[in-house]
Every structure is written in C-alpha cells, then in structure tokens.
Amino acid sequence: MLSELSTDALILGAGSAGLACAEALHKAGIPFRVLEGRDRIGGRAFTDYGLAPELPLELGAQMVHGRHVVTHQWIREVGLSVRPWPVSQRALFSVDGRLCRLPWLAFPGYPGFGFRSFWAGARTLPRRLQSATAPDVSLADFLEREAPPLGARRLVELLHAHVYAADADEIGVLGPGEEERRAAEEFGYRNFRLEGGYTELFRRRAQAFQDRIHLGTTVRAIRYDEAGVTVEAGPADAADPDVFRARAAVVTFPLGVLKAGTVEFDPPLPESKLAAIRRIAFGQGYALQLRFAGSELKDRLGDFSMVWGGGATTFHRPGVLHRNVPEVISAFTVGREAASRSLLSASDRLQATVAELSAALPSGFPVGTVASTSVHLWPQDPFARGAYSFLPVGVGPEERQALAEPVGRTLYFAGEATEWHGDSATIHGAIATGLRAAAEVQRELQLQAGRAPLG
Ligand SMILES: Cc1cc2nc3c(=O)[nH]c(=O)nc-3n(C[C@H](O)[C@H](O)[C@H](O)COP(=O)(O)OP(=O)(O)OC[C@H]3O[C@@H](n4cnc5c(N)ncnc54)[C@H](O)[C@@H]3O)c2cc1C
C-alpha cells in the first residue's frame with residue numbers, strides 16, 4: 001500500500017459522464033478526485049489530430065446528434081463550434097451496382113426501391129416498430145414478419161445497426177421503441193461535426209479541475225459500506241495499488257468493463273444490479289479512418305456525406321461541405337463484423353474494409369489509394385470492451401434505471417448505459433448521467449453534513 005488519500009467524493013472514470021460529474025461537484029465546492037485508468041481523459045470520445053491535421057478525426061464519438069442537446073451548450077461555453085453534417089441528405093446508397101441519393105430512392109427504377117419502399121422505410125416501418133406490442137422479438141424477426149420491400153428493410157437495418165452497433169438479430173423491438181418514444185429529439189436526422197474535436201472539448205472543460213484527475217490510475221477494487229468507500233487503484237503494472245477513501249464514489253465505467261468483472265466490488269453488487277449488467281447488451285464498433293492520396297472519390301461522386309452498400313460498414317466523409325481538406329473516409333464498422341475484424345492484422349482489416357467500399361461502388365469504379373490510416377479498436381480496449389450499450393430482446397429501459405440506482409448511501413452509478421430517458425449511447429446522454437449522479441452525491445453529502453469528518 002503506497003499511500004492513503006481521502007476526499008469527499010471519488011469519480012471513477014474520466015469520460016463524458018465522469019467529467020460532467022466532476023465539473024458539477026467542482027462548481028458546488030465539493031472536494032473530489034477523479035481516477036482514470038488511461039493516460040488521457042475523454043474515454044470513448046477520442047480525436048486523432050495527426051492523420052489529417054486540417055480535419056480532426058474522431059476515433060470514438062463521431063457527431064453531435066440533435067439540435068438541442070446539452071453538448072451544444074458545452075461546446076459553445078468553451079469557445080468551440082459545430083458544423084452541420086448532412087448524413088442522410090447527401091448519402092449515397094448502393095443498389096444493385098448503382099449509386100443513388102436518398103430522395104431518388106423514392107422513384108421507381110431502382111430494383112427493390114421506389115416510392116412504396118421509401119415511404120415504408122422512412123415512415124411506416126419506424127412507426128410500426130415504435131407501436132409494436134408484446135411479446136418482444138428481435139428486429140430481424142420483426143422485419144421477417146413484416147416482409148417490407150427490400151429497400152425499406154435496408155433503410156431500417158442501416159439506421160438500427162449504427163444506432164445500436166449491433167446486428168438485427170441482436171436488437172430488441174420493444175425496448176428500443178420505448179427509448180425512441182422517450183428521447184427528447186428524433187434521432188439521426190440532425191447531426192453536427194464538432195470542429196476542433198471532442199478531445200479538445202474535454203481538455204477545455206476539465207481545465208479548471210485538472211489537478212484533481214489522476215491519470216494512469218486503474219481501479220482494481222471498490223470496498224464500500226454505509227460509512228464510505230475505499231478504492232484500490234494505481235498503474236496497471238504496480239504491485240501495490242494506492243488506496244483512496246471517500247464518503248461516496250461514482251462508478252462511470254463502460255458496461256463492457258462491468259460485464260468483464262475486472263473490477264472487484266466488496267461486498268458484491270446486489271442481484272438487481274448484476275442482472276442489469278447481464279441483461280443490457282453492449283454493441284461493438286470502431287471507425288477506421290482512411291486518408292486517400294488525392295480526391296478521386298469526391299471528383300467522381302460529388303460532395304457526398306456517406307456511402308452504404310448494405311454491409312456492416314457505413315463509409316462517412318467528414319470533409320463533406322469543407323473546402324481544401326484532405327480526402328478522408330471514416331469507415332464505421334459495427335456488430336459482429338466489427339468484433340471479428342478488430343482481431344485481424346492491420347493490413348487484413350484495411351483490405352477487408354477497402355473491399356467492402358469497392359463493393360458498394362459501381363463495378364470497375366476506382367477506389368483510389370489509401371495513403372495512411374488511423375483507428376482505435378474499442379472491442380479490444382480493456383477500458384471499454386466495446387462501443388456502446390443497447391437493449392436486446394426482452395429488455396426495457398427499466399434495466400438501465402436499475403443500473404443507475406445507488407447502492408446504499410455511498411455508491412453511485414453514471415455512464416451512457418445508465419441513461420433511461422432514451423439518450424443512452426451518446427455523449428449528451430452520458431453527460432446527463434454525470435450531472436444526475438453529481439446531484440445525488442451532493443444531496444447525500446448535504447444530509448451527512450454535521451457528521452464527523454473522515455479520519
Ligand atoms: C465508435 C464510436 C462511435 C460513437 N459515435 C457517437 C456519436 O456519433 N455521437 C455520440 O453522441 N456518441 C457516440 N458514441 C458514444 C459515446 O462515445 C459514449 O456514449 C460516451 O463517450 C460514453 O461516455 P461515458 O462517460 O459513459 O463512458 P466512457 O467515455 O467510456 O468513460 C468511462 C471511463 O472509465 C475509464 N475506465 C474504465 N475502466 C476503468 C478502471 N478499471 N479504472 C479506471 N478507469 C477506468 C475509461 O478509461 C473511460 O475514460 C460513439 C462511441 C463509439 C465507441
């Protein structure tokens with residue numbers, strides 16, 4: 001045991017939820033420390049500034065989803081800005097070797113598409129999904145039963161695969177439908193790119209309390225009772241961890257880390273919490289950034305935002321509507337394919353990705369030369385173990401609420417998977433949970449005020 005450090009609150013993890021919680025406690029004047037296993041803050045928000053310095057590239061969270069979410073306020077307050085990212089408006093869909101833009105899918109002439117198909121995919125099916133009744137089935141079974149036109153099926157699969165980072169046979173219908181009803185804003189139609197990148201956003205937000213953040217401090221054990229919390233944490237390779245004591249602790253680890261059981265809870269977490277950890281699912285995904293030599297794609301395809309050929313990868317173009325930026329494609333691969341490709345060598349992964357892009361383009365179309373790449377493989381990352389959470393068959397948002405529930409008066413929970421109002425799997429959802437946990441801790445510490453200080 002190297003040293004013993006006491007404070008009022010410990011925040012475990014310095015991602016969006018942990019930093020939002022820290023900022024709120026800082027403003028409230030409550031002493032706290034943040035313990036973070038990585039050598040950086042931001043968690044699943046992580047920007048690459050090296051591949052194309054003119055165009056910061058997101059390896060984790062890609063966009064700001066929605067016009068009114070709290071992330072915009074966070075961005076404005078630290079002097080950064082956003083730019084609209086017209087994902088669907090300028091998307092190209094590959095249909096039987098032809099590329100077409102979204103509105104044109106509504107017109108006959110594209111096999112499997114046409115007006116009926118477009119309307120079914122954009123309106124009828126999403127509404128039927130939202131009003132589906134028990135028993136719950138997987139999205140794949142639901143689509144099988146509804147037997148929509150091919151184009152409609154493709155549109156729905158595309159949206160769901162990327163919202164949930166999972167395959168259609170893994171995603172439930174009732175749970176996600178309830179979440180969509182609860183969400184404050186319709187998901188997916190208004191998206192923005194954070195100029196400057198998420199890493200810079202969190203660096204600026206944390207500036208006021210950076211001396212309270214312990215980087216390279218991996219939590220190994222959390223021992224708690226009604227008197228307080230003792231956390232053992234330190235560099236991953238250290239024989240003896242440091243010991244941190246506090247009246248309360250906020251756990252913000254990703255669901256993947258909680259599922260893996262690499263952090264010991266003593267006493268073990270209650271069964272309701274363990275059941276929630278088991279039942280909520282954790283999706284897989286990563287964005288492989290491809291920097292091309294030259295801008296052949298833009299020259300030939302115009303200023304497009306995305307290409308999708310029906311597979312596990314959507315090929316986003318972060319430089320859409322920018323002038324004079326290098327040609328970069330963010331290949332966002334999700335689901336089982338992301339998990340298995342993350343195990344490949346870098347060159348085999350690149351080859352598989354370029355082959356998928358090539359298959360989405362008309363036959364003989366030159367893909368161009370990939371000059372350099374960048375990626376963070378979330379499925380292989382011990383501090384994430386995947387991308388973000390989703391509700392599988394038979395699981396509703398009440399499981400997220402059970403995950404968020406404090407244990408006794410000393411252990412609190414935040415992080416995107418604990419968001420039960422329809423905004424899980426996002427930065428703004430994670431921020432909201434950090435603020436909620438900060439309020440819970442503050443209330444408890446106020447109740448405790450007048451008790452003897454920690455010895
Ligand atoms: C590829 C990808 C694309 C995404 N796209 C978007 C998007 O476009 N828009 C959007 O809004 N959201 C997106 N998301 C989701 C968004 O990134 C997450 O919802 C959000 O970052 C989660 O924040 P969090 O604080 O809950 O968790 P995290 O950011 O994961 O923070 C948890 C922290 O705990 C730390 N930790 C874990 N284990 C330990 C331990 N034992 N000891 C100490 N520290 C530990 C981790 O290092 C991490 O810093 C995306 C995510 C991924 C992976």
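Along the sequence shown, residues are numbered consecutively beginning with 1. All values below come from the heavy atoms of this structure, side chains included, with hydrogens, waters and symmetry mates left out. Each ligand, and each atom within it, is numbered from 1 in the order the structure gives. If you're wondering where the values come from, they're calculated on a predicted model, not measured in any experiment.
Judged by the 6.0 Å distance and 45° axis criteria, Arg385 is not positioned over the aromatic ring of Phe282.
In this structure a side-chain-to-backbone donor-acceptor pair under 3.5 Å is present from Ser94 to Ala360. When atom types are taken as modelled, the side chain of Ser372 and the backbone of Arg291 share no donor-acceptor pair closer than 3.5 angstrom.
Those atoms of ligand 1 with a heavy atom of Gly15 less than 4.0 angstrom away are 25 (O), 29 (O), 31 (O), 33 (C), 49 (O).
Here's the thing with Gln62: one of its N/O atoms is less than 3.5 angstrom from an N/O atom of ligand 1. No N or O atom of Trp378 sits closer than 3.5 Å to an N or O atom of ligand 1. Considering backbone and side-chain N/O of His428, none are found under 3.5 Å from N/O of ligand 1. The shortest N or O to N or O distance between Ala17 and ligand 1 is below 3.5 Å. Below 3.5 Å of separation, one finds no N or O of Tyr198 facing any N or O of ligand 1. The shortest N or O to N or O distance between Ser16 and ligand 1 is below 3.5 Å.
Ring-plane geometry between His26 and Phe209 is classed as tilted, the angle between the planes lying from 30 to 60 degrees on a 0 to 90 degree scale.
Under a cut-off of 6.0 angstrom, the local environment of CG in Asp39 is sparse, with at most 12 non-hydrogen atoms contributed by other residues, nucleotides or ligands.
Protein heavy atom at the shortest distance from atom 9 (N) of ligand 1 is Met63 O, 2.9 Å. Of the protein's non-hydrogen atoms, the one nearest atom 1 (C) of ligand 1 is Phe332 CE1, 3.5 Å. Protein heavy atom at the shortest distance from atom 42 (N) of ligand 1 is Val219 N, 2.8 Å. Closest protein heavy atom to atom 30 (O) of ligand 1: Arg44 NE, 2.7 Å. Remark: minimum distance from atom 46 (C) of ligand 1 to any protein heavy atom is reached at Glu36 OE2, 3.5 Å. Nearest protein heavy-atom contact of atom 15 (C) of ligand 1 is Ala425 O, 3.4 Å. Of the protein's non-hydrogen atoms, Ile427 CD1, 3.4 Å is the one closest to atom 21 (O) of ligand 1. The protein heavy atom nearest to atom 43 (C) of ligand 1 is Gly37 N, 3.1 Å.
No salt bridge links Glu179 with Arg182; every basic N to acidic carboxylate O contact stays at or beyond 4.0 Å. Residues Glu178 and Arg181 are paired through a salt bridge, judged by an N-O separation under 4.0 Å between the basic side chain and the carboxylate. Salt bridge Glu77/Arg204: absent, no basic N to carboxylate O contact under 4.0 Å. Salt bridge present: Arg278 and Glu271 bring a charged side-chain N and a carboxylate O closer than 4.0 Å.
For the ligand labelled ligand 1, residue Pro382 lies outside the 4.0 Å heavy-atom shell. The closest approach between a heavy atom of Thr217 and any atom of ligand 1 is below 4.0 Å. Within the structure, the closest approach of Leu12 to ligand 1 does not fall below 4.0 Å when heavy atoms are considered.
A donor atom on one side chain and an acceptor atom on the other are found under 3.5 Å apart for Ser389 and Arg400. Thr418 and Arg436 are linked by a side-chain donor-acceptor pair at a separation below 3.5 angstrom, with hydrogens and angles left out of the test.
Contacts between His65 and ligand 1, counted as non-hydrogen atom pairs separated by less than 4.0 Å, involve the side chain only. With a heavy-atom cut-off of 4.0 Å, Phe383 touches ligand 1 through backbone and side chain alike.
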